Amino acid sequence: MPSRLPNGSPAGIPGRPASSVEERLRARILERLDELGWPAPGELAVERPRDPAHGDWSSNVALALAKPLRRAPRAIAEELARAWQPEPGLVDSVEVAGPGFVNFRLRPDVYASALRKLLLDPDAYLRSDAGRGSSVIVEFVSSNPTGPLHIGHGRNAALGDAVASLLEAAGWSVTREYYFNDAGNQMETLGRSLQARYSQLLDPSTSFPEGGYEGEYLVRIAEELRAELGDGLIDASDPAASLPFFQARAAAVMVESIRADLEVFGVRFDSWFNESCLYQEGLVERALERLRDRGAVYESQGAVWFRSSAYGDSDDRVLVKSSGHPTYFLPDVAYHMDKHERGFARAVNVWGADHHGYVPRMQAAMAALGYEPDWLHCIVYQAVTLLEGGEAVKLSTRKARFVTLRELVQEVGAAVARYFLLMRRADTHLNFDLDVARAQSDENPVYYVQYAHARSQSVFTRLLAAGAHDARDTEPGRLAGANLERLILPREGDLLKLLAEFPDLVREAAVAREPHRVAGFLERLAKEFHIWYHEVRILGEDVELMRARLALARGVQIAVRRGLGLLGISAPEAM
RNA sequence: GCGCCCGUAGCUCAGAUGGAUAGAGCGACAGCCUCCGGAGCUGUAGGCCAGAGGUUCGAAUCCUCUCGGGCGCACCA
């Protein structure tokens, strides 16, 4: 995954959409440097300046070349601007400003043709080639089925799914996988807890195990069990004999319930992976052997250790306890080895902040196994605080006072829940304000974006209702043929430029694995759309102008729908 | 004690690979519906980017330290 893209070949820089305006301008700049006999700078910034007075696009090329050329940046910029040949295709004017910025204004038809491409084939328009078709496995949620999913799992699910979608848009072949720890002693505790709940139905004085899962959901499962199979599930002379049954039952019910919760949330996995398979197929032992072969393992005090400190971790880690049982870590290494052996070119994990300490040891294991340093990427997200009435609602699986993901979705809807969980950077703490999420008002940013989509739809509906046009006149393919030169208002230019940024934004968000950038873009786009909508009348007597404006509205609508789609959020045609 | 994340407007947060005068939403205040959806639009106020040094043409951004907040430091998972 190139986080930094090579500047070498003007013809086609890998990873950038070939059709993107930024890409074309970047290529053109590099051509000019080549003509002048100047080197390409190591890092070339081409970006949209905040201040429109600085042009459509701006580059730091002269500043970056100041050192290698040993000349003043301003002089370099001026020479570059002078050498710029008049050209029909892309650049309209070049200016030098400030300490040596080179500012470009592009020909309007550049943006018009970008809109046409968006209308004709949105998939192709948005698709970049950063992934080049190679495969990546995105593992997320992977919560142990000891209780219902809560809002923290929701952040994980929303992030993992959105990152997966972004990677797909960036040209990766993506597998979404859920890793299910069905072999650990948490599952045993779960079984014991269920068994105790069942016993309590028969004899309320039965004690509940220390550290058990106290949630109400286990009482319900116990009641179902009793209704279904009666009172005789526990042999009084040998209570332990029934434990595996309760464990299996509890696990099966919980997994199904998690799957259903995720379904309601709009998240589906391609694959569910059971930890127990790793043991059954001997992968755990093989992982240990592989580490041993590489000289990364030693024994001490009756335990087997991984020399992780030799691979960047702060301490060595136990793989096999002196009891002879593996730690949690060893099967996890085996699991990642399995991902690698399944042929994935990259792996992405989505982990809660409470696991951030495991990143160095897992990376150490990957290094010891000889994998590329960036084969595994861990996205670590910070905690979610649920606020209601200005107060934090405490979350705790064990103590059972919490709002489940399912309740949250029922309360505010999947769209709002997902948007709120994705609109902030993963590495900041997230305050999820239930009161704002519940509000169907201008407090709620989701509706602002969705409204842009619904609002443009209503224009098409209105047009058709008037009777003079048929449905084909509102089709994107048809509208691509509109005379877009009629879009001469500054607002229309702003919208067109914003739409032209979209492909690069999607690629950058994918490469950085940061879905919140998409949310930010959608809010900007919706804002520009609403301003424009307020300023102009789309439907009117001048049919040519109307068609141009319909094309723009359609382009915005498609971009909003695609962007929301990347976040796993619906784009309603009416609200 | 050590490690990771965070500290930007009253609140919640963006600020891309260091770039030009620090941004948005909400809240507050003042406005806009004979007009395609007012879940909208316009304007005003609000900042020593936690603090102190350093690197450089240039720092909210990189480095060091201090102070705050969160999380993690198991032969648990």
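Computation of the quantities below employed the complete heavy-atom set of this structure, encompassing side-chain atoms and omitting hydrogens, waters and symmetry-equivalent molecules. Just so it is clear: chains get the letters A, B, ... in the order the sequence lines come, proteins before strands, and each one is counted from 1. Remember, it's a predicted structure, so these values are computed and weren't measured experimentally.
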Taking atom types as they are modelled, is there a donor-acceptor pair under 3.5 Å from the base of [N] to the side chain of [X]?
X        : N     : answer
A:Asp504 : B:A16 : no
A:Ser458 : B:C36 : no
A:His356 : B:G3  : yes
A:Thr327 : B:A74 : no

TODO: Would you tell me whether A:Asn181 and A:Glu275 have side-chain atoms, one donor and one acceptor, within less than 3.5 Å of each other?
DONE: yes
Task: Whether over 12 other heavy atoms sit under 6.0 Å from A:Glu535 CD - done: yes
Considering only side-chain heavy atoms of [X], which listed nucleotide, [options], is closest?
X        : options             : result
A:Thr428 : B:A39, B:A16, B:C6  : B:C6
A:Arg50  : B:U12, B:U21, B:A16 : B:A16
A:Lys527 : B:G25, B:C71, B:A20 : B:G25

- [ ] Would you mind reporting whether A:Val333 and A:Phe306 have side-chain heavy atoms less than 4.5 Å apart?
- [x] no
Work out how far the [atom1] atom of [N] is from that of [M], and round it to whole angstrom.
N     : M     : atom1 : result
B:C13 : B:A50 : P     : 15 Å
B:G68 : B:A74 : P     : 25 Å
B:C6  : B:A45 : P     : 33 Å
B:C35 : B:C26 : C1'   : 29 Å
B:C49 : B:A9  : C1'   : 10 Å

Need one value for [X]: base, sugar-phosphate or nothing, where a base atom within 4.0 Å counts as base even if backbone is also close, heavy atoms only.
X        : answer
A:Ala512 : nothing
A:Leu63  : base
A:Phe329 : nothing
A:His355 : base
A:Asn144 : sugar-phosphate
A:Val446 : nothing

TODO: Could you tell me the separation between the CD atom of A:Glu443 and the C1' atom of B:C13, rounded to a whole number of Å?
DONE: 15 Å
Task: Length of the CG-P vector between A:Leu44 and B:A16, whole Å - done: 17 Å
Open item on the list: Exactly one of A:His453, A:Gln457, A:Glu573, A:Gln450 should register a side chain to side chain donor-acceptor pair (under 3.5 Å) with A:Arg561. Which one does?
Closed with: A:His453
Open item on the list: Both A:His530 and A:Asn60 contact RNA chain B. Taking the nearest nucleotide for each, which residue is further toward the 5' end?
Closed with: A:Asn60
- [ ] Would you mind pulling out the nucleotide paired to B:G31, Watson-Crick or G-U wobble, both distances under 3.5 Å?
- [x] B:C41
Open item on the list: Which heavy atom of A:Ala437 sits nearest to which heavy atom of A:Phe432, and what is that distance?
Closed with: CB-CE2, 3.7 Å
TODO: Check the geometry between A:Phe101 and B:A20 and answer yes if their rings are stacked (centres below 5.5 Å, planes below 30°), otherwise no.
DONE: yes
